[in-house]
Every structure is written in structure tokens, then in C-alpha cells.
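A, B, ... follow the sequence lines: proteins, then strands. Residue 1 opens every chain.
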Number of protein chains: 2
Amino acid sequence: MAFEICKFCTKRSIAAEHLGTDELERLSHSCVEVFFERGDIIFKQNALSSNIIYIRDGLVKVHIAGPEREQILKIAKGPTYLGIPTTFGDKVNHYSATALTHTEVCFIDIRIFKDFIATNSDFAYEIIVDLCKNELYHFHRCINQLQKQSPGRVAEALLYFANEIFNTKKYTLPLTRNELGDLTGCSRENVSRILTDFHKEGLIGLNGKKIEILNETMLGQISKNG
Amino acid sequence: MAFEICKFCTKRSIAAEHLGTDELERLSHSCVEVFFERGDIIFKQNALSSNIIYIRDGLVKVHIAGPEREQILKIAKGPTYLGIPTTFGDKVNHYSATALTHTEVCFIDIRIFKDFIATNSDFAYEIIVDLCKNELYHFHRCINQLQKQSPGRVAEALLYFANEIFNTKKYTLPLTRNELGDLTGCSRENVSRILTDFHKEGLIGLNGKKIEILNETMLGQISKNG
DNA sequence: TTTTCAATGTGATGTATATCACATTTGTTG
DNA sequence: CAACAAATGTGATATACATCACATTGAAAA
């Protein structure tokens, strides 16, 4: 890939901001940028993993085939690292990542990543912080998945898209009903019923995949209490 | 605390094995060992966290008050770190840890931990690996919690105690029925019914808290499929 | 040793949601 | 533009398990 791409990248991670000019140049030599479209698989569960994946821009679903069904672990929005646990914790992908929109991905050779950890303590520290924050997020999301009832989980998902992904109350859901079920642990029929109920109760505007949050307070209540 | 305690500790972490004599001596100055008995709270959810907790020996439940009820996230067996995510990812404990048996805990000042990360890349690398492995473990446990039915989750818990905690098919459960419910996401009545069913079906021996795995193959099947 | 309290087991009932079936709508392909 | 496939909505039914109530057993405290 073109030299200096990492040097002039405007979507660098917080950790990468701690890399010097030399390090960024070395990174450019061990980093490949690839574009994906909706539905494209970025990496596949059970495949070998020897790269660190960095989403520069776009939206990705991180998903896993569980004992009974597909589960979406997270909707990840660039810029962000994916799959660090699966590359450092094991050598095999424990989950898959699939693009939901046009997505720009950097594949980083793990060896240079390890070099940076070994030689740049600010970089290593930011990676540790990033891993820790991710784990806390997953803990809370898991607890909410386990303990809330379906309407609470669906409400939580709708608010997540509004406040964390699109930053607007009116957006187009980048998921089918089936996928929304995979994200929230419901059947697609139950998702339909809940969305229709929310619409009838005036909590959201609903037109196919177009969602509008009309009563964020009430939706927040439902989300909080299940 | 007595100098050199870390130097001659036989329960050091993999990461700590990479510390030199000087570093271990400095660690001794920023490390306090405390003993806990069953029921003692090691750290509390929502309290400030400025220490890294290292369980030298003993059994601990990591638990969180969720939207509806207590949830046990993990039964942790020494030697192991606890709460690194909660100390690096935030400054507040996101969950609690409570001793289930006599437990030996080291409280390590976070500043020296950060120093080691900054100056000892092998140490930092092992901390990253440890965080990654933990996250993968939690992912799978979460998926299993979400997708398996109650008998599968209870079977999984019984096998976890047999194979990961006690390393024997005959052991005393260190949890009440209520706590086993917190670990598996069931009510205590359902846990009782399932244990009684397993006993009636000859899968386990059951005498109060004394458990004996009689049919590991079948239990493994139930655990796997829910 | 007795009393008290916590833990546990069991039966009955209610609830949330999956599953199944099928019709309708929407998006994609030829 | 029509045909086809995927996505979606809705009704009916089944199931897993929570909840409630209460009796019994075991552990702890007086």
C-alpha cells in the first residue's frame, strides 16, 4: 500500500496517536487497507487470525454462532479495533465480523503490533485501557441481555442506534428484523410485535426500517427496567 | 508488609514472572496482603477503585447487581487478577468480589502497576494476553447463558466446578442454591428441581451441597445443548 | 440442648416468548 | 415491468420457568 498512509490517516486510534513518525512509517508497511460493502465478511469465526483489524470507518456487526442461534455481540462503529482478544487471546477467530455499510478496514500484521507494545509503553497502555473499557461494556451489555425482558432489550437497541451510532433521533435501522432479533436475543416475530407496540403507543415513529424516537424518556424507562 | 514477600511468593502471576528482582522489591513496597473468610467482601460495586486485586489463593465470586437481580459473573480461583478492567477502564468498581472460602488477596497500588506496564514490555504483553483470554471466556460464557435452557446452564456449572475449580468429580458446592441460581440465571426453586432431576436420572450424586458427577458424558451433552 | 433463622424442596399457577403457519409487503433479479 | 425471493406482520398454540405459598430440613446462635 502507499507509504505514509498511516502517517496522514485522520482516523487513527488513540493508541496509534502515540506512535512516532518512524513507527507510523513502519506501520504503513505492515498494514493493508480493504473496502467492504454490506454483507461482506471481514473475518470469520473459526478461521485462523494473525491480523489486528482496525475499522477506519463504517458499521460492522460482530457476531457468533452460539449453541442455538446466531448472536450479534456488538454493533461496532469506526474508528475502532476489532478482534484484539481473538488474536492475542487465541490464534483462531472466536467470532465473525460482517460489514453493515460501506466499511474501510485496516489489516495490521500482529508482529508489528507486538513490536509497538514491546517498545512503546504509551501505545501498550492505551491498548490495555481500550481492552478494559470494552470488557466493562460487554459485562453490562451481557447483564442487560440476561436480565431484561424483550421490550427492554429492544428499547435499549433502538436508543443505542440513536445515541451511540447515528447521533440522531431519526435514522434508518441497518438491520433486518431477524438481525435485530439476533442483537436482542428475541425471535423476529417478537421484535415485530414489540416495534409495532412501541409505534402504537407513540414511543417511536416506524416506517419499515425508518425509525424515529418520539418519546425518549419512556423508551429509556422501558430500556432501564426491562 | 514484610519486604521480599513478592520476591519469594510461590503464587506469582505469569505477568509478574517477568519482573526482575528490583521490580519485585518495589512491588513489595506497594502491595498489601489481606486474608478474607467466606462471605467477606473483597471489593464492592460502585466503590472507587485504585488498586489492582490479585487473588493468591482461594475462591471468589465476582458478582454484580443487575437491573433485576444479583448475577454472579464468574467463580474465580486463585492465582488470578481481578478487576483490572474496572481499574483501568474506569475508576469505579463495576462489580463486587466476595470470598467463598478462605482467600489470600494482594492489593497492588495501581501506580506501580502502570510503571511496570510502561517499563517492562513482557509484563505489559502478558497483562494484555490475560485480558484477552478473559474477554474470550466471558464472551462464550455470556452466549451460553443467553442461549441455553436452565438444565444446560446448571449442568455447565456443575462441570465447571468439577473440572476447572476442584479437579475432582466429587466435591462440596461452595454456593447456596440461591447463589447457584445467581450463577446460572435461574430461580433457586428451578435450581432445586433441576438438581433433583439430575439426581433421579442418575447423572449426579446429591447430598445437600455434596455433589458427585456420575455420568459426565450425559451431563456434558446437556451442558452443550442446553 | 433448644430455639431461631436460613436454606431447601415441592406443588400450583401465571407469564413471557418461542414456534408454527400463513398472508402480505418489499426488494431484487431477469 | 413481471416474477421471484426475502422480509415482515399477525394469530394461535406450546413451553420453559418465574412466582407464590408453604412445609421441611439443616445450620447457627443463645
Side-chain angles (χ1 to χ4, degrees), chain A residues 37-39 61 66-72 98 100 144-158 172-201 204-211 222-223 225-226, chain B residues 37-39 61 66-72 98 100 144-158 172-201 204-211 222-223 225-226:
Chain A
E37 300 306 322
R38 177 181 166 79
K61 69 177 179 180
E68 274 193 15
R69 58 182 290 184
E70 273 287 302
Q71 181 89 31
I72 295 182
T98 301
L100 293 173
N144 289 337
Q145 287 287 91
L146 286 166
Q147 295 198 8
K148 287 176 186 174
Q149 294 191 331
S150 301
R153 303 200 299 272
V154 172
E156 181 178 41
L158 295 182
T172 300
L173 203 58
L175 303 172
T176 65
R177 295 302 191 254
N178 212 45
E179 285 173 321
L180 189 49
D182 290 342
L183 178 65
T184 57
C186 307
S187 64
R188 65 153 193 90
E189 293 93 339
N190 206 24
V191 164
S192 279
R193 295 187 221 281
I194 293 168
L195 289 178
T196 300
D197 287 346
F198 285 170
H199 181 235
K200 280 172 176 171
E201 289 162 27
I204 63 172
L206 182 61
N207 178 10
K209 290 184 178 186
K210 293 189 176 64
I211 308 284
I222 294 173
S223 165
N225 299 324
Chain B
E37 301 305 322
R38 178 180 165 81
K61 68 177 180 179
E68 274 193 15
R69 58 182 291 184
E70 274 287 302
Q71 180 91 31
I72 294 181
T98 300
L100 293 173
N144 289 337
Q145 287 287 92
L146 286 167
Q147 295 198 8
K148 287 175 185 174
Q149 294 189 331
S150 301
R153 303 200 299 272
V154 173
E156 181 179 42
L158 296 182
T172 300
L173 203 57
L175 302 173
T176 65
R177 295 300 190 255
N178 211 45
E179 285 174 320
L180 189 50
D182 291 344
L183 178 65
T184 56
C186 307
S187 64
R188 64 153 193 90
E189 294 94 337
N190 206 24
V191 164
S192 278
R193 295 187 222 280
I194 293 169
L195 288 177
T196 301
D197 287 345
F198 284 170
H199 182 234
K200 279 173 175 169
E201 290 162 26
I204 62 173
L206 182 62
N207 178 9
K209 291 186 178 187
K210 294 190 175 59
I211 307 283
I222 295 173
S223 166
N225 299 325

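Side chain of A/Glu70 to backbone of A/Asp182: no donor-acceptor contact under 3.5 angstrom is found. For the pair B/Arg153 (side chain) and B/Thr184 (backbone), a donor-acceptor distance under 3.5 Å is present. Put simply, the side chain of B/Gln149 never gets that close to the backbone of B/Asn225: no donor and acceptor are under 3.5 Å apart. Looking only at distances, no side-chain donor or acceptor of A/Gln71 sits under 3.5 Å from a matching main-chain atom of A/Gly185. Between the side chain of B/Arg38 and the backbone N or O of B/Pro174, at least one donor-acceptor pair lies under 3.5 Å.
Following rounding to the nearest Å, A/Phe198 (CZ) and D/dG9 (P) show an atom-to-atom distance of 14 Å. Across the protein-nucleic acid pair, B/Glu68 atom CD and D/dC17 atom P stand 15 Å apart, rounded to whole Å. One can place CG of B/Asn178 at 13 Å from C1' of D/dA18, the figure rounded to the nearest angstrom. As rounded to whole Å, 14 Å separates atom C1' of C/dG9 from atom CD1 of B/Ile194. Here the P atom of nucleotide C/dA6 and the CD atom of B/Glu179 are 14 Å apart, to the nearest Å. Rounded to whole Å, atom P of D/dT10 lies 10 Å from atom CG of A/Leu206. Rounded to whole Å, atom C1' of C/dT8 lies 11 Å from atom CZ of B/Arg193. Spacing between atom CG of B/Leu146 and atom C1' of D/dA16 amounts to 16 Å, rounded to whole angstrom units.
Checking the phosphate oxygens (OP1, OP2) of D/dC17, no side-chain nitrogen or oxygen of B/Ser187 falls inside 4.0 Å. Taking only side-chain nitrogens and oxygens, A/Ser192 never comes nearer than 4.0 Å to OP1 or OP2 of D/dT10.
Atoms OG and CZ, on B/Ser187 and B/Arg177 in that order, are 13.0 Å from each other to the nearest 0.5 Å. If you take CD1 on A/Ile211 and CD1 on A/Ile204, they are separated by 4.5 Å, rounding to the nearest 0.5 Å.
Residue contacts shown for B/Gly185 are limited to sugar-phosphate atoms, with no base heavy atom under 4.0 Å away.
Closest-nucleotide positions on DNA chain C for A/Pro151 and A/Arg188 were compared, and the one nearer the 5' end corresponds to A/Pro151. Looking at which nucleotide of DNA chain C each of B/Glu189 and A/Asn190 is closest to, the 5′-most match is held by B/Glu189.
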Between protein and nucleic acid, restricted to nucleotides 5-7 of chain D and to nitrogen or oxygen atoms under 3.5 Å apart, what atom pairs and distances do you find?
none

